[in-house]
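Values reported hereafter were calculated over all heavy atoms of this structure, with side chains retained and with hydrogens, waters and symmetry mates removed.
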Amino acid sequence: MNYPPGMRALVYTAPNRVEMEDRSHPVAAPGEVEVAIDLAGICGSDISGFLGHSAPRKPPLVLGHELVGRLNDGRRVVANPLISCGGCQACLSGAQNLCSTWRLLGMDQTSGTFAEFVALPATQIYEIPDSLDASRAILTEPLANVVHLFRLLAPAPFFRLAIVGGGTMGALALLTAQRIGARQVLVADVNDQRLSSLRQLGASYAVNTGNTAGVAQAKELAGAGFDIVIDASGSGPARQMAFDLCRPGGQVLLLGMGQQRSEIDFVTSIRKEHHVVMSFAYTPVDFERALNLLITGDVQLDAYTTKLKIEEGQQAFEMITQRPGSTLKVVLGLN
Ligand SMILES: [Zn+2]
Ligand SMILES: [Zn+2]
């Protein structure tokens, strides 16, 4: 097969800087397939990379792990970008997210999806129906994280939930919680426009906890505390707030990776017997369930998704880091 000499790629070249470059076309190894990318999503971890906060993302690197694209035969696909070995103890037990040698597109030495083409193992690929719009399908990977965390939590019926951090993950957690029987959902964030998006998406309460009055309001609404609190932010204060809003005997789920280390008032939580659950990524089972939720239309963020061209990558990153407005997801189009 004759490959074109190169491909367009958006390369992370320095903190706060991404630039279009000509990169060599990937070569599919045995067992791999090549995907021509139509749409790539910007994820929180790409944002940490862009800001220079992610140790495994060093320039120069093509970031990105979310994709909707086409195989050589034209079939439309999404791909699970978390590549596991399939043979270690974790993989054999069905916990591929804990594989001893996992790698992710757009991290370490593995080139990402902010490019025209990517090659990855055929086992990572999921075909999607024509009825599923690319701007919805791009949510498969972030939604897989949410499916996974609710599987770990296994909430009891009619649970009361609080979500700290109203970005993509917080919004998807809200929509998923509504489908699995949450009685009430409070979302806490520090951005008013985002909070109004989350209110429109059905949050029972959306509170700006960027000031002391807001924090007091969230605590008042918590009453004796929420059954489950998800930290979808990962900043130190957000993590502590997750514990503060949780009822005695309730579950605190830590998802956000904003800060590598932060302090928690452990003694107060010990006295409340908080159950701490940490959630990382997803397994192939979660990925497939997430895709099904998008195919059936149970979950979508259509009105809150902003699409830019890959050439506008710098602008897209600046927008999502500095002035996200009501946008909950930014995606990059390759054509
Ligand atoms: Zn992602
Ligand atoms: Zn493994």
Side-chain angles (χ1 to χ4, degrees), residues 1-13 18 20-43 45-46 49 54-128 134 137-138 140-142 144-145 280-288 290-291 310 313 332 334-335:
M1 190 177 289
N2 272 330
Y3 284 130
M7 65 169 183
R8 290 176 297 141
L10 183 70
V11 183
Y12 165 54
T13 52
V18 284
M20 289 305 293
E21 283 181 13
D22 197 52
R23 282 287 180 113
S24 57
H25 196 110
V27 180
E32 290 193 338
V33 291
E34 178 190 302
V35 182
I37 296 169
D38 290 324
L39 204 62
I42 298 182
C43 184
S45 53
D46 300 314
S54 171
R57 293 178 175 85
K58 290 188 183 60
L61 177 68
V62 177
L63 295 169
H65 56 259
E66 301 169 2
L67 75 85
V68 181
R70 279 162 293 113
L71 300 180
N72 287 334
D73 60 11
R75 278 183 294 159
R76 293 173 71 237
V77 298
V78 291
N80 174 350
L82 189 78
I83 301 162
S84 48
C85 77
C88 73
Q89 209 171 40
C91 282
L92 292 172
S93 74
Q96 290 87 345
N97 59 324
L98 306 180
C99 172
S100 55
T101 57
W102 66 268
R103 60 195 179 93
L104 182 74
L105 299 183
M107 188 172 154
D108 295 311
Q109 306 306 315
T110 308
S111 193
T113 59
F114 298 163
E116 276 184 286
F117 300 95
V118 74
L120 75 175
T123 47
Q124 306 292 121
I125 301 290
Y126 296 76
E127 196 177 344
I128 60 171
I138 200 68
T140 312
E141 194 268 350
N145 287 272
F280 174 66
Y282 39 80
T283 69
V285 168
D286 301 314
F287 199 86
E288 199 163 343
L291 180 56
I310 193 157
L332 299 173
L334 269 294
N335 36 48

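Residues T123 and I83 have side chains not in contact (no heavy-atom distance under 4.5 Å, counting atoms from C-beta outward). The shortest side-chain heavy-atom distance between R75 and I125 does not fall under the 4.5 Å cut-off. Residues H25 and E34 meet the side-chain proximity criterion, which asks for heavy atoms closer than 4.5 Å. Using a 4.5 Å heavy-atom cutoff, the side chains of Y12 and D46 are not in contact. A heavy-atom distance below 4.5 Å is not found between the side chains of M107 and S54. Here the side chains of F287 and P81 are in contact, with some heavy-atom distance below 4.5 Å. A 4.5 Å side-chain heavy-atom check between C88 and T101 finds every atom pair outside the cut-off.
To the nearest 0.5 angstrom, R23 atom CZ is 13.5 Å from E116 atom CD. Taken to the nearest 0.5 Å, the CG atom of L120 stands 7.0 Å off from the CG atom of L67. A distance of 11.0 Å separates CE of M7 from CD of E21, quoted to the nearest 0.5 Å.
Counted within 6.0 Å of CD on Q109, heavy atoms from surrounding residues, nucleotides or ligands total 12 or fewer; the atom is thus considered open. Within 6.0 Å of CD on E32 lie more than 12 heavy atoms contributed by other residues, nucleotides or ligands.
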- Message: Would V35 and L71 count as a side-chain contact (heavy atoms from CB on, under 4.5 Å) here? Give the steps.
- Response: CA-CA 5 Å; V35 182; L71 300 180; 4.0 Å; yes
- Item | Step-by-step side-chain contact (heavy atoms from CB on, under 4.5 Å) determination, I42 to L332 | CA-CA 7 Å; I42 298 182; L332 299 173; 4.2 Å; yes
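Residues I310 and A115 come closest through the heavy atom pair CD1-N, 3.9 Å. The two atoms that bring V62 and T113 nearest to each other are CG1-N, 4.5 Å, heavy atoms only. The two residues H65 and L105 have their closest heavy-atom pair at CB-O, 3.3 Å. Taking both residues in full, the closest heavy atoms of I37 and N335 are given as O-ND2, 4.2 Å, listed atom of the first, atom of the second, then distance. For the residue pair R57 and L104, the shortest heavy atom distance occurs at NH2-CD2, 3.7 Å. Here the closest heavy-atom approach between residue L334 and residue R8 is recorded as O-NH2, 2.7 Å.
Between the N145 side chain and the E141 main chain, a donor and an acceptor come within less than 3.5 Å of each other.
Among pairs with a residue in residues 69-114, those fulfilling ring-ring contact (aromatic ring centres under 6.0 Å, His included) read W102-F280, at least two apart in sequence or across chains.
In terms of the side-chain contact (heavy atoms from CB on, under 4.5 Å) criterion, residue partners of P284 (sequence neighbours excluded) are, by chain and number, N80, Q96, Y126.
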